[in-house]
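As structure tokens, the structure follows; a few thoughts come after it.
Residue numbering restarts at 1 for every chain, and letters A, B, ... go by the order of the sequence lines.
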Amino acid sequence: KAGVTQTPRYLIKTRGQQVTLSCSPISGHRSVSWYQQTPGQGLQFLFEYFSETQRNKGNFPGRFSGRQFSNSRSEMNVSTLELGDSALYLCASSLGRDTYEQYFGPGTRLTVT
Amino acid sequence: GENVEQHPSTLSVQEGDSAVIKCTYSDSASNYFPWYKQELGKRPQLIIDIRSNVGEKKDQRIAVTLNKTAKHFSLHITETQPEDSAVYFCAASGYGQNFVFGPGTRLSVLP
């Protein structure tokens, strides 16, 4: 099976702009979680989607939003970018519901200037 | 909410020695504890996991132990090799809960 894929792999944006990141889970996986990884804060949970519904949400401002489509692909959007949003954004997929094993994508490196 | 602590933050061992990384969690409802290995510039990879109904699990040179009473779990790597050098993350989760990750341990295996 193909692994989790994310696009784009690298992005450079300017403060105030918005950005959309995409994640395609492993075939058959219905849960997608998003994480922000920074050197100082480690892996911080953003949100999780299962069957097109947001199931959990982390402590991030409303500028961070996401959605999931019927084919389980997920997008994450960040509006009004700030310098502090520069990070590696990782998504992870799992079968969902009673299974826990999460498998990560390669990440999208976002740089805000 | 859940809080996961991880120690040490950095660990250096000689090739062939063992390495142990320890994590503690706070939420007694957590019942799934995975370990991820992240090499420089790569994605975190699931290397081993344990559920709360098991006390120990082994996979070749890697083992994880869980003490539910004390709310801590540990990763043990035996016969370390240079390719084991990476950042290791522990995490805790429960049914319907999101993963909470520890801050990571940078392991260096010296030849």
Side-chain angles (χ1 to χ4, degrees), chain A residues 2-7 9-10 21 23-26 29-51 53-60 64 66 74 87-109, chain B residues 1-10 21 23-27 29-54 57 59 62 64 66 73 86-107:
Chain A
V4 181
T5 58
Q6 292 185 246
T7 57
R9 294 293 311 279
Y10 302 93
L21 313 181
C23 173
S24 292
I26 293 170
H29 284 195
R30 295 167 63 191
S31 171
V32 174
S33 296
W34 287 89
Y35 298 88
Q36 181 193 67
Q37 186 174 33
T38 59
Q41 296 296 318
L43 278 158
Q44 300 291 312
F45 172 76
L46 281 153
F47 28 67
E48 181 205 1
Y49 285 88
F50 177 78
S51 292
T53 301
Q54 188 180 86
R55 189 157 68 170
N56 283 305
K57 188 176 189 307
N59 296 323
F60 279 81
F64 292 81
S74 177
L88 179 67
Y89 290 89
L90 292 157
C91 74
S93 77
S94 69
L95 281 169
R97 201 159 289 279
D98 295 334
T99 61
Y100 293 114
E101 293 86 351
Q102 284 193 356
Y103 299 93
F104 282 88
T108 294
R109 172 75 61 187
Chain B
E2 176 65 275
N3 181 53
V4 177
E5 296 184 355
Q6 183 172 348
H7 299 281
S9 57
T10 60
I21 303 170
C23 287
T24 61
Y25 62 99
S26 61
D27 190 347
S30 292
N31 60 6
Y32 176 68
F33 308 94
W35 286 89
Y36 286 85
K37 172 185 180 183
Q38 187 174 29
E39 297 176 77
L40 190 62
K42 296 192 175 180
R43 72 187 76 188
Q45 283 191 306
L46 178 65
I47 56 172
I48 196 167
D49 56 13
I50 193 167
R51 296 174 190 264
S52 59
N53 58 346
V54 175
K57 184 177 178 181
D59 182 5
I62 293 174
V64 57
L66 171 65
F73 56 111
V87 178
Y88 291 80
F89 294 95
C90 64
S93 180
Y95 183 75
Q97 301 171 4
N98 55 276
F99 280 41
V100 177
F101 283 83
T105 295
R106 184 174 300 278
L107 173 65

Would you name the heavy atoms of [X] and [Y] that are closest together and state the gap between them?
X: Phe45(A); Y: Phe99(B); result: CB-O, 4.0 Å
X: Gly105(A); Y: Arg43(B); result: O-CB, 3.1 Å
X: Asn98(B); Y: Asn56(A); result: N-ND2, 3.6 Å

Problem - Contacts of type ring pair (Phe, Tyr, Trp, His ring centres under 6.0 Å), residue Tyr103(A), not counting sequence neighbours - result: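 Tyr103(A) satisfies ring pair (Phe, Tyr, Trp, His ring centres under 6.0 Å) with no residue once adjacent residues are dropped.
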Taking side chain as everything from C-beta outward and backbone as N, CA, C, O, which of these in [X] sits under 4.5 Å from a heavy atom of chain A? Side chain, backbone, both or neither.
X: Gln45(B); answer: neither
X: Gln6(B); answer: neither
X: Pro44(B); answer: both

Exercise for the section: Using a cut-off of 6.0 Å, state whether more than 12 heavy atoms not belonging to Lys42(B) lie near its atom NZ. Expected result: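 It does not: Lys42(B) NZ has 12 such atoms or fewer within range.
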Exercise for the section: Decide if atom CZ of Arg9(A) counts as having more than 12 heavy atoms of other residues, nucleotides or ligands within a radius under 6.0 Å. Expected result: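 More than 12 within 6.0 Å, yes.
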Region of [X] that comes under 4.5 Å of a non-hydrogen atom in chain B:
X: Leu90(A); result: side chain
X: Gln102(A); result: both
X: Tyr35(A); result: side chain

Handout entry: Residues that Lys57(B) engages under salt bridge (charged side-chain N to carboxylate O under 4.0 Å, His left out), provided they are two or more places apart
Key =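 In terms of salt bridge (charged side-chain N to carboxylate O under 4.0 Å, His left out), with neighbours along the sequence ignored, Lys57(B) is linked to Asp49(B).
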Practice task
Among Asn31(B), Val100(B), Val87(B), single out the residue with the greatest number of heavy-atom pairs under 4.5 Å to chain A.
Solution key: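 Max contact count across the listed options: Asn31(B).
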Exercise for the section: State, with a plain yes or no, whether a side-chain heavy atom of Gln37(A) is found less than 4.5 Å away from one of Phe89(B). Expected result: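 Answer yes - side chains close enough.
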Practice task
Return the option, out of Gly42(A), Gly107(A), Pro106(A), with the maximum number of heavy-atom pairs under 4.5 Å with chain B.
Solution key: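 Of the options given, most contacts go to Pro106(A).
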